[in-house]
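The structure under discussion appears below in the form of structure tokens.
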Number of protein chains: 2
Amino acid sequence: MTSDRITLAHGGGSAEMQRLIQEMFLPTFDNSQLATMEDQARLNWQLQPGERLAFSTDTFVVSPLTFPGGDIATLAVNGTVNDVAMSGAVPKVLSCAMVIEEGLLQSQLQTLCQSMARAASAAGVQIVTGDTKVVPKGQADQLYINTSGLGVIASGVDLGTHRIAEGDHVLVSGPIGEHGATIISCREDLSLDADIASDCQPLHQLVCAMLAAIPGVKSLRDATRGGVAAVLHEFATASRLSILLSEQDIPVSAPVNAMCELLGFNPLHLACEGRLIAVVSAQHSEDCLAAMRNHPAGDQAAMIGRVITSAPSPVIIESSLGVKRALAPADGELLPRIC
Amino acid sequence: MTSDRITLAHGGGSAEMQRLIQEMFLPTFDNSQLATMEDQARLNWQLQPGERLAFSTDTFVVSPLTFPGGDIATLAVNGTVNDVAMSGAVPKVLSCAMVIEEGLLQSQLQTLCQSMARAASAAGVQIVTGDTKVVPKGQADQLYINTSGLGVIASGVDLGTHRIAEGDHVLVSGPIGEHGATIISCREDLSLDADIASDCQPLHQLVCAMLAAIPGVKSLRDATRGGVAAVLHEFATASRLSILLSEQDIPVSAPVNAMCELLGFNPLHLACEGRLIAVVSAQHSEDCLAAMRNHPAGDQAAMIGRVITSAPSPVIIESSLGVKRALAPADGELLPRIC
């Protein structure tokens with residue numbers, strides 16, 4: 001049905017585009033900022049002394065658009081919510097800019113918008129401004145979504161790699177690699193295991209719980225592209241220290257492990273979309289872990305390693321037999337369009 | 001030369017991606033926020049009582065990437081700067097999220113980044129956070145750039161379509177349609193006239209000058225996709241009033257006019273990237289025009305129409321002979337990927 005497809009006219013500043021905005025985006029993302037139909041949101045925020053704004057952006061190009069545990073829309077909300085939250089901020093608002101390939105079914109776009117609205121509502125953020133571009137067939141693959149996010153960092157919260165020190169502990173909020181394994185499973189049409197689903201979820205409430213529990217949270221990052229390995233390499237490089245991982249302590253679910261063994265992947269290289277890595281002071285590590293395990297998004301949290309003095313390899317992994325080897329960062333071509 | 005091309009590895013969270021960020025983006029967009037290499041910028045803004053944040057987003061998919069008067073990078077800066085500025089805000093920071101097609105020349109990306117840095121510097125904004133995705137060949141066309149922008153609206157500034165009233169005057173900041181005519185000329189390889197160049201420029205300083213000059217600025221919008229006609233339709237629809245244009249007062253350059261006559265375009269439907277439409281109270285219209293003409297970005301500003309009581313057509317254009325006709329909005333399929 002031609003009329004159910006997005007056409008170039010929907011991106012051209014025309015009456016069709018106005019109709020798309022009026023009939024799909026406004027009612028679905030329903031809020032007073034969008035309803036003004038201005039070219040920008042206007043936020044009446046009373047920042048208290050010492051509070052700061054956190055501002056982040058991410059474009060989502062995941063393929064396929066829908067997968068077990070989520071879709072590009074939930075990813076676009078939670079991905080940016082998490083990037084904002086890793087500063088210790090409470091995320092407040094998102095922008096949403098879509099690049100749509102001509103021919104996408106309007107019904108599919110509507111379903112994804114509804115999913116996005118649900119994810120935003122679940123994360124407590126509003127989608128307050130947006131943009132829609134349509135490109136001719138073959139010049140994008142179905143749909144790409146950029147979200148940018150704004151949140152507020154409370155006074156006194158100062159997280160970052162500058163605070164990482166020798167002796168700190170490295171925690172992970174749950175089993176790793178589930179988003180990556182899910183996308184591989186979809187792409188390869190493996191149907192290996194019905195138990196694999198993306199871990200896509202918002203993490204800011206977990207972060208709030210951690211910050212409330214202990215004063216020693218030093219640096220947070222969510223593991224996405226490049227997996228946990230990429231985050232650990234970033235931490236090591238930025239702090240000019242090394243990280244020693246304990247292989248047996250890294251939580252990996254049985255289905256992810258099975259897939260990795262079958263296909264030769266390392267779970268540390270697989271993307272997550274709802275897991276954070278925390279560097280915390282050794283003295284507060286136990287309390288932090290307890291607070292994380294008390295929260296649904298961190299109930300399988302684990303301590304997986306320590307920050308050590310700079311070694312020849314930025315990240316070292318120690319097996320249960322005590323054998324140490326370097327952990328290389330992921331090969332970037334492994335999984336294009338994972339998020 | 002293979003090594004000069006962007007590969008999927010540059011988007012995969014790998015060492016290659018880190019190198020691209022470290023060697024291209026950080027030095028080119030050089031600022032302390034980016035240098036922290038965190039997943040978000042952290043803005044230490046002390047908002048005064050009554051001040052508000054303006055937040056806007058736009059993805060740029062223009063083809064070709066480079067054209068007389070600008071490129072996708074200057075467009076990505078000025079487009080979002082202008083969307084923020086139309087609220088009356090002073091734009092402060094931008095995010096930059098790129099979707100790069102595998103195979104793009106790194107040297108071309110570097111040139112565009114330098115152009116983006118220059119445009120940001122000229123507009124007085126910093127690019128403080130970013131994201132890079134690479135998609136396989138054929139899943140994007142070279143490069144798409146999303147920018148989101150943040151600015152500060154001064155206390156007491158309240159622009160918007162809610163303030164438009166019968167009798168208000170409609171002003172335009174300069175000759176219209178130059179960006180659209182430029183892109184058509186490039187696409188069709190017309191080489192009709194060497195004098196056509198995009199009007200791409202930042203408008204926030206012009207807006208500041210207007211707000212300083214008169215109290216009667218009511219609503220501002222920059223004319224991009226769909227041209228001046230789209231903005232006038234938006235103003236009419238939102239205010240439930242109509243707009244009567246005086247055809248002879250609409251500034252159109254001779255080359256744009258010639259191209260429109262040759263190809264059958266209406267300049268009111270052609271995109272601009274550095275022109276704003278202002279609705280101002282009749283009593284302040286003359287002073288506003290004087291202030292605009294005093295600024296380089298508005299030196300050819302003109303009054304082009306009036307807000308009238310709701311008529312059967314939202315926008316009506318009156319010829320020099322007094323003949324009135326309805327002005328339809330642009331056909332959205334006219335010019336895909338104009339911005």
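Letters A, B, ... mirror the listed sequences (proteins, then strands); counts begin at 1.
In terms of heavy atoms, Asp83(B) sits closest to Thr57(B) at OD2-O, 4.5 Å. Shortest non-hydrogen contact noted between Ala85(A) and His204(A) is CB-CB, 3.5 Å. The minimum heavy-atom distance linking Asn82(B) with Gly274(B) is given by the pair ND2-CA, 4.5 Å. Leu34(B) and Phe25(B) make their closest contact through CD1-O, 4.3 Å (heavy atoms, listed as atom of the first residue, atom of the second, distance).
For Ala54(A), the parts lying near chain B are the backbone and the side chain together; criterion is any non-hydrogen pair under 4.5 Å. Looking at Val231(A), there are no atoms closer than 4.5 Å to chain B (heavy atoms on both sides), in backbone or side chain. Proximity to chain A is limited to the side chain of Glu234(B), based on heavy atoms less than 4.5 angstrom apart. With a threshold of 4.5 angstrom between heavy atoms, Thr132(B) approaches chain A through N, CA, C or O but not through any side-chain atom. If you measure heavy-atom distances from Asn146(B) to chain A, the contacts under 4.5 Å come from the side chain alone. Proximity to chain A involves both the backbone and the side chain of Ala140(B), based on heavy atoms less than 4.5 angstrom apart. Contacts of Gln18(B) with chain A are made by side-chain atoms alone, with heavy-atom separations under 4.5 Å and no backbone atom involved. When heavy atoms are compared at a cutoff of 4.5 Å, Cys96(B) approaches chain A solely by way of its backbone atoms N, CA, C and O. Residue contact with chain A, scored on non-hydrogen atoms closer than 4.5 Å, involves the backbone and the side chain of Met86(B) alike. Using a 4.5 Å cut-off between heavy atoms, Ile145(A) makes no contact with chain B at all.
Your options are Asp141(B), Asp222(B), Thr147(B), and the one with the most heavy-atom pairs under 4.5 Å with chain A is Asp141(B). Looking only at heavy-atom pairs under 4.5 Å with chain A, the residue among Gln46(B), Gln33(B), Gln139(B) that has the most is Gln139(B). Between chain A and the residues Val84(B), Asp58(B), Ile338(B), Thr36(B), the most heavy-atom pairs under 4.5 angstrom are made by Asp58(B). Heavy-atom pairs under 4.5 Å with chain A were tallied for Leu150(B), Ile153(B), Leu47(B), Thr161(B); the largest tally goes to Leu150(B). In terms of non-hydrogen atom pairs under 4.5 Å with chain B, the most contact-rich of Val61(A), Thr80(A), Thr129(A) is Thr129(A). Taking chain A as the reference chain and counting heavy-atom pairs below 4.5 Å, the highest number among Ala97(B), Gly130(B), Ala41(B), Gly226(B) is found for Ala41(B). Note on Val99(B), Thr237(B), Thr224(B): by heavy-atom pairs under 4.5 Å with chain A, the leading option is Val99(B).
Looking at Ser313(B), its side chain never comes within 3.5 Å of a backbone N or O of Val315(B) through a donor-acceptor pair. With hydrogens and angles ignored, the 3.5 Å screen pairs a side-chain donor or acceptor of Arg163(B) with a backbone N or O of Asp158(B). Of the possible polar contacts, one joining the Glu102(B) side chain to the Lys137(B) backbone as a donor-acceptor pair under 3.5 Å is found.
Both tests do not hold together for Lys133(A) against Tyr144(B): distance to the six-membered ring centre under 6.0 Å, angle to the ring axis within 45°. No cation-pi contact links Lys218(A) to Phe235(A), judged by a cut-off of 6.0 Å to the six-membered ring centre and 45° from its axis.
No side-chain heavy atom of Val134(B) sits under 4.5 Å from any side-chain heavy atom of Met17(B).
The residues Arg225(B) and Asp131(A) are annotated as salt-bridged, a charged nitrogen and a carboxylate oxygen being separated by less than 4.0 angstrom.
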